[in-house]
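Every chain is numbered from 1 and lettered A, B, ... according to where its sequence line falls, protein lines coming before strand lines. Every heavy atom of this structure was used, including side-chain atoms; hydrogens, water molecules and symmetry mates were not.
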Amino acid sequence: MSKSAIFTGLVIFIIVALFPFWINLGEIKPAPEPELLGKAKAAKKCVLDKIDMRANHMSLLDEWRDSVVRNANRIYTNTEGKEFEMSLSTGDNSCLGCHEDKSKFCDKCHNYASVDPYCWECHTDPKEIK
Amino acid sequence: MMKKSRRSFLKVAAVSAIGIGAAPAISLSSSSNSQSTSNAVKSKNHEAKTAKRWGMVINCTKISDEVAENIVEACHKNHNVPDFNHEVNTEKYPNTRPVNHKQEVKWIWEEHFKYAFPDKEDEFLADKYKNLPFLVLCNHCKSAPCVKACPTQATFKREDGIVIMDFHRCIGCRFCMAACPFGSRSFNFRDPRPFIEETNPDFPTRSKGVVEKCNLCAERLAKGEQPYCVEASEGAIVVGDLEDPDSDIRALLNENYTIRRKQTLGTEPSVYYIM
Ligand code: SF4
Ligand code: SF4
Ligand code: SF4
């Protein structure tokens, strides 16, 4: 077989194999930054350190729901002695009580990462029901 | 080439195996999660109402049709219980199937004497009882069959006697509904949201495929408040600690003759009725 035919085949193969990379080339977007607004911005620190919250908020929330529903303990006092209501959305001292805009906070990363937590099938965003 | 005896090779292999095995444990203990939450405390609200065993007394002589309606409304509105008579907003919820009223969801409702107390029915029952509205709800049974039936422990008994549901865990198998002899539980055959007129932001809704029932207003007691039905009852309903001999509820039980629903089944209901 001629050399050129082999090379053409090879080039075509490489182009096809790298299809997922070049098709998305123009669309690479940086990871979104969740926006801290109002109270959350002023508070500077969440329940745990930022790096902890980023990595572990899901297990924290999981712990919280068991605590509230199963042990009837609803107040979380963090290592600095600050108290929080262990609730996604009820009251000023809950998650959304501080992070006032779910769509600019939770949804930003969740949409980017294509995760679809089912919290909001039951829990309500006070903004959305008004 | 360096020569290695079998013995020295095994030594090195064993040490590296330990290292590999220990790696997850080491990274776990040094992970920020366990460090920063180890000193955190979970506790009750300072003003929370507590009891050894919560119970309820309903004074049927004080409940008129109007009061009964107010009570049901107060409970259902505040707990985002769907009302299938509510006209659906078709813009927000297009393609909503027509309702089947047999699939209604209820936490507390009015019942005739003969259905509320079938074992006490009598052909010569005083007329006044035939027409009174009897409010029925979950009895928070001391020996609750629903709790025993639930395969996931989504339905469980709290330390304070409240039989409550962890909606997150419910898989919708409905064993609890088959087990409850009082029909106190409802299943969500469909997404309840289109049928909630005004959503109370202080309580979640449910989703399709979970069971729900009265939670004795656990979320209110946690804040030191009275249940909604008690507030709306104009003094006809009282909740309190059955195990506390000095409680209001025990005083009521001491002064009045009370009955419970289907006592013979042995579930030991915690809801008492003054006739
Ligand atoms: S009334 Fe039914 S649902 Fe309530 S505790 Fe008793 S068995 Fe369970
Ligand atoms: S329907 Fe839910 S609460 Fe009832 S028995 Fe099944 S899992 Fe438990
Ligand atoms: S105690 Fe609360 S949940 Fe139960 S019937 Fe009364 S208002 Fe409804």
Considering only heavy atoms, which portion of [X] lies under 4.5 Å from any heavy atom of chain A: side chain, backbone, both, or neither?
| X | value |
| --- | --- |
| B:Gln153 | both |
| B:Phe167 | neither |
| B:Glu198 | neither |

Does atom [atom1] ([X]) have a neighbourhood of more than 12 heavy atoms from anything else shown, all under 6.0 Å?
| X | atom1 | value |
| --- | --- | --- |
| A:Lys39 | NZ | yes |
| A:Lys45 | NZ | yes |
| B:Phe84 | CZ | yes |
| B:Lys142 | NZ | no |
| A:Asn111 | CG | yes |

Pairwise distance SG(A:Cys119) to NE2(B:His168) - rounded to 0.5 angstrom: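 The SG atom of A:Cys119 sits 8.0 Å away from the NE2 atom of B:His168.
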A:Ser89 side, atom OG; B:Phe203 side, atom CZ - distance, nearest 0.5 Å: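 Output value for this atom pair is 11.5 Å.
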Electrostatic pair B:Lys42:A:Glu63 at N-O distance under 4.0 angstrom: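 Answer for the salt bridge query: yes.
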Considering only heavy atoms from C-beta outward, does the side chain of [X] approach that of [Y] to under 4.5 Å?
| X | Y | answer |
| --- | --- | --- |
| A:Ile75 | B:Lys44 | no |
| A:Thr124 | B:Asn200 | no |
| B:Arg193 | A:Glu121 | no |

Choice from B:Pro204, B:Ser207, B:Ser43 maximising heavy atom contacts with chain A below 4.5 Å: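 That would be B:Ser43.
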Max heavy-atom pair count under 4.5 Å with chain A, selected residue of B:His46, B:Met165, B:Lys223: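 Among B:His46, B:Met165, B:Lys223, the one with the most close pairs to chain A is B:His46.
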Minimum heavy-atom distance between A:Val69 and B:Phe156, given as atom pair plus value: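 Scanning both residues, the minimum pair turns out to be O-CZ, 3.3 Å.
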Heavy-atom closest pair, residues A:Asn78 and B:Ala40: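 So the two residues come closest at CA-CB, 4.2 Å.
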Contacting moiety of A:Asn71, where chain B heavy atoms sit under 4.5 Å: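 The backbone, not the side chain.
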Contacting moiety of A:Glu80, where chain B heavy atoms sit under 4.5 Å: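 No part of A:Glu80 comes within 4.5 Å of chain B.
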Among A:Arg70, A:His123, A:Glu85, A:Glu83, residue most engaged with chain B (heavy-atom pairs, under 4.5 Å):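 Looking at each of A:Arg70, A:His123, A:Glu85, A:Glu83 in turn, A:Arg70 comes out on top.
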